[in-house]
Amino acid sequence: MRAIAGLWSSGSPAAAENCLAMLAAMSSSPTSVAQAAPGVILGSSDYSPSPVSPSRNPTQQSTRPQFVADLRIDNHHELVRELDLPSTASDDEVLAHAWARWDFEIVEHLIGGFAFACWDPARQTLFLARDHVGERPLYFARSPARSLGPEGAFAFASTPPGLCALPSVNRRIHTAAMAHFLAALSPVGTETFFEGVERLLPAHWVKVSPAGIEMRRYWHPVPGRPIRYARDSDYIEDFRERFDRAVADRLSGADGIASQLSGGLDSSSVTVTAARLLAKQGRRLTTFTAVPRAGYDGSALTGRFGDEGPMASEVAALYPNIDHLFINTEGRDLLESSHRDARLTGQPTFNPTNMLWIDATLDGMRSRGLSVLLSATGGNATTSFGGLIGLSELFRSGHWLKLFSLTRELRAGGHTSWRGAAGWATGWIIPAGLRRLYHPTMRGFSMTYSAVHPQIAAKYALREHALAEFFGVESSTDSVRRNLYEYYDPGIHNAAAAAGWQVEQRDATMDKRIFDFCFGIPIEQYLVGGQSRSIIRRAMKGQLPESTLRRTTRGMQSADWYMTLRAARPELSAELTRIEHSPLACHILDVPRLRTLLDTFPDSGYHSSEVSNAWHLALTRGLVAGSFLAQHDPDASQPEESAAATEKPSTVLGSS
C-alpha cells in the first residue's frame, strides 16, 4: 500500500511544498512529487521504509495522462492478456494501459483494492476513483464548498491527516459527525470528523474540472445480475470456486502471510482456505487468536463466549502448515493505542479495547517479518449472511406451510425461535410506533451506551435515529443487503495498519466477486437445510471441524475489557482532567458522567447490559472521543502547546 495526495487549483499555481507536507503527515517514507500541470501537483509515498531519497519534479509535465495510485489489482493476469501487455507488467502499468483503453469507464474493468487519481491534460480534468468495497481509502477537500469557480481549489489524500496538513483546510470538528459516532450511528454521506474534509465513498468516482465537481456511484451489489442454478449443490460449487480465487488473490505477491483466527465461521473459513492453498506451494500460515488475559473470570454477554482460543485451536489443528499463536492485551496502554490510532486515521477509535488486541496482532506480525494479514470483517454481509430475512419473502408470497416447516427446522437447530421467526416474517408490516409497545428492547431503549451530552443528543435527535437504525424492520431483502454493504468501509483502518506497521490487511469476504455471488443468489439459499448462514456452512463441510459448522453462538472480543480499564484507571483519570479543560469536549460530551463512571468502577456484573453499556461502551468511547476533541480544540487550556498549534484554520484551500 502507499499514500497518495494531490492538489488542483484553477486560479493559481499549486505548490509542491503543500503536497510534500500532506505526504509527510501520512508516511515517513520517501516521497515522489511531480507537477502534472501549472495548477496540478500529484504525489505518492510507499508506507514501507525505503532507502530511496525523496523525489521532487516540480516541472514534470506531459501531454499524456498522469497517475498516482494505491492499488492491488486482483484480475491483473486477465487484464494483462486483454491489454496485450508483457507478463512482467506491474499493477501501475496495467492501470495506465487500462485507462488508455477504457478512459473514465476503467472502474468497470478493475477488480481489487484501489484508490487512484488521474490528471487528464487533454480535458483538463482530475479523475479520482475508489474500489468497489473500500479496501483503499481516499479523502478530499474542496473550495468553495460545493463548486469550483475561477479561484476554486481541490485537494485529495489517502487519509484525513494528509489533508489536515494543509493550513488552509478547515479542521474544525464536525459536531454532527461526532454525535453520530458517540451514538454508534453510521456516518452520513461523505462527512468526516472535520468540517473541511470529505470521504470518497466506496464504488464512487469524482471528476474535477474548471466546470465544477461531479461525483457518482459506479457500482452497487444490490441491483446486480441474478444468479440462478437448478440444484442447491451448484450454488456451493460456484461459491467454493469464487472463494478459493478470492483468497488466492490475497496470497499473491507476499512472502509472510498471517490471518486472524477467531472461533467464528468467517475467519476460520478464510484461514483454512489459505492454509490449503499455501500447502500446495510448500508454504506456512501464521494465525493469531486473541484470548483473554490471565485472571479473566470466564463471563461474557448472554449468548456469547469470551474465550475463542479452544475453538480456534480445533481449526488450526486440522492443518499441519498452520503456526497458531495466542495474543492478549496484557501490559498494553489503552491511551497510547487510541492516540496512535487517531494520529494515523484522523478519527477517534470506535472500540478502544478491541484496538489493543489488534495492535498486539500487528506487533506480532512485524516482529516476525510478516507483511499480509488476512481478515474476514465483511463476512456478515457476504459469506455468512444469516438469511433470516428470507422468512419475510415466504410470508409475502403466501407460502405459509413452507414458512412453518422451515421455521420448525431452524428452531430445532438453534438458529431462531418461534418469536424471532415471526418478527422476521411479519415485522415489516407493523408500524414502528406499534412495535415499540410490545418489543421489550425498544420499549426500554436508552442511550446509556453513549457519553454524548444530552443537549447534543436532543439537537440531533440521536435516540430516534438510533431506534430507527438498530431496530428498523427492513421492507425487503434488498434493503437489508444494501445496509449491510454500505455499513462497511475498511479503507482507513487498512491504511493505519500499513502506515503504523507496514502490514497490508486483505479481506477475501469483501471481494467484489463474492459480493456479486452473495447478493445475486436467491435468499432461501442461506437457509437450506434448516440452518442460517447455510452457504458457508455447506461450503466448508469437510474443511472445518463439525463443532465450528454447527455453532450458533458467537465469540465476544475483549471479554476481559474490565481488567484493562481497572488497571488503567489512574492514567484515564489524568486524561479526563485534560478533557475537562476543553470547552469543545465539554460541549459535545457528558463529561461529568464520565467522571462519575470512572470514580464508581463496578466490582462485578461486567457483562450485564447495564454495566457493559455504561462502563465498557460509554466510558471508553467517551474518553477517546474526549481526547480527540481536546487535541483539536483551539480553546482548550493547554499551556504546554504553542498558540500557533491551536490557531483556528482558514476555510479556503490554496497554495502556499
Side-chain angles (χ1 to χ4, degrees), residues 221-222 224-246 264-270 272-273 376 378-428 474 476-481 484-485 508-509 511 513-554:
V222 166
R225 181 180 302 173
I227 297 174
R228 300 292 183 267
Y229 293 121
R231 300 175 301 175
D232 291 342
S233 59
D234 293 335
Y235 291 99
I236 300 306
E237 182 178 347
D238 188 353
F239 174 81
R240 284 173 174 162
E241 181 180 342
R242 292 178 190 242
F243 194 65
D244 277 8
R245 186 175 181 184
L265 279 168
D266 294 316
S267 68
S268 297
S269 299
V270 168
V272 301
T273 302
N380 287 343
T382 55
T383 54
S384 67
F385 178 60
L388 289 173
I389 186 64
L391 299 179
S392 70
E393 300 296 316
L394 294 175
F395 184 85
R396 293 169 196 260
S397 60
H399 293 87
W400 296 339
L401 287 177
K402 184 176 181 180
L403 171 62
F404 176 80
S405 176
L406 181 56
T407 298
R408 187 169 56 184
E409 292 180 21
L410 290 166
R411 181 176 177 272
H415 298 281
T416 190
S417 62
W418 288 115
R419 181 173 183 172
W424 282 108
T426 66
W428 57 276
E474 305 294 348
S476 68
T477 57
D478 279 356
S479 61
V480 169
R481 289 170 160 176
L484 280 170
Y485 163 70
T509 66
D511 189 287
R513 295 159 295 191
I514 296 295
F515 265 105
D516 286 337
F517 173 85
C518 291
F519 279 50
I521 65 175
I523 191 68
E524 57 265 24
Q525 280 297 314
Y526 292 98
L527 301 176
V528 169
Q531 54 185 352
S532 66
R533 309 167 76 184
S534 177
I535 288 290
I536 194 70
R537 294 183 197 274
R538 288 183 286 152
M540 290 295 117
K541 189 77 172 176
Q543 299 185 49
L544 288 176
E546 281 297 319
S547 58
T548 302
L549 294 173
R550 293 193 305 267
R551 189 170 299 126
T552 57
T553 55
R554 295 171 53 204

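The model shown is predicted, which means the values in this text are computed figures rather than measured ones. Heavy atoms only: backbone and side chains are in, while hydrogens, waters and symmetry mates are out.
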How close do [X] and [Y] get, heavy atom to heavy atom, and via which atoms?
{"X": "Thr416", "Y": "Gly420", "answer": "OG1-C, 3.7 Å"}
{"X": "Tyr526", "Y": "Gly387", "answer": "CB-CA, 3.7 Å"}
{"X": "His415", "Y": "Leu388", "answer": "O-CD1, 4.0 Å"}
{"X": "Met540", "Y": "Thr273", "answer": "CE-OG1, 4.1 Å"}
{"X": "Gly378", "Y": "Thr509", "answer": "N-OG1, 3.2 Å"}
{"X": "Gln525", "Y": "Arg538", "answer": "O-NH2, 2.8 Å"}

Between [X] and [Y], is there a donor-acceptor pair closer than 3.5 Å when you use the side chain of the first and the backbone of the second?
{"X": "Thr426", "Y": "Gly423", "answer": "no"}
{"X": "Arg228", "Y": "Gly520", "answer": "yes"}
{"X": "Arg537", "Y": "Ser532", "answer": "yes"}
{"X": "Tyr485", "Y": "Val222", "answer": "no"}

Side chain to side chain, [X] and [Y], heavy atoms closer than 4.5 Å:
{"X": "Phe239", "Y": "Ile536", "value": "yes"}
{"X": "Gln543", "Y": "Ser268", "value": "no"}
{"X": "Ile535", "Y": "Ile521", "value": "yes"}
{"X": "Asp266", "Y": "Val270", "value": "no"}

Criterion side-chain contact (heavy atoms from CB on, under 4.5 Å) on Ile523 and Phe385, from CA distance to verdict: CA-CA 10 Å; Ile523 191 68; Phe385 178 60; 3.3 Å; yes
Decide whether a cation-pi geometry holds between Arg242 and Phe517; the criteria are a distance under 6.0 Å from NZ or CZ to the six-membered ring centre and an angle within 45° of the ring axis.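 No, Arg242 does not sit over the ring of Phe517.
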Interatomic spacing from [atom1] in [X] to [atom2] in [Y] - rounded to 0.5 Å:
{"X": "Ser405", "Y": "Leu410", "atom1": "OG", "atom2": "CG", "value": "9.5 Å"}
{"X": "Ile389", "Y": "Leu484", "atom1": "CD1", "atom2": "CG", "value": "10.5 Å"}
{"X": "Arg411", "Y": "Arg419", "atom1": "CZ", "atom2": "CZ", "value": "14.0 Å"}
{"X": "Phe395", "Y": "Thr407", "atom1": "CZ", "atom2": "OG1", "value": "11.5 Å"}
{"X": "Arg481", "Y": "Thr382", "atom1": "CZ", "atom2": "OG1", "value": "11.0 Å"}
{"X": "Thr548", "Y": "Arg551", "atom1": "OG1", "atom2": "CZ", "value": "4.5 Å"}

Before giving the answer on side-chain contact (heavy atoms from CB on, under 4.5 Å), spell out for Phe519 and Arg225 the whole-Å C-alpha distance, their side-chain angles and the decisive distance to 0.1 Å. CA-CA 9 Å; Phe519 279 50; Arg225 181 180 302 173; over 6 Å; no
Can you check side-chain contact (heavy atoms from CB on, under 4.5 Å) on Glu241 and Arg513, steps first, answer last? CA-CA 10 Å; Glu241 181 180 342; Arg513 295 159 295 191; over 6 Å; no
Over 12 foreign heavy atoms within 6.0 Å of CD, Glu409: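 Check passes, neighbour count above 12.
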Within 6.0 Å of CH2 in Trp400, more than 12 heavy atoms from elsewhere: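 Check fails, neighbour count at 12 or below.
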Step-by-step side-chain contact (heavy atoms from CB on, under 4.5 Å) determination, Leu265 to Thr383: CA-CA 9 Å; Leu265 279 168; Thr383 54; over 6 Å; no
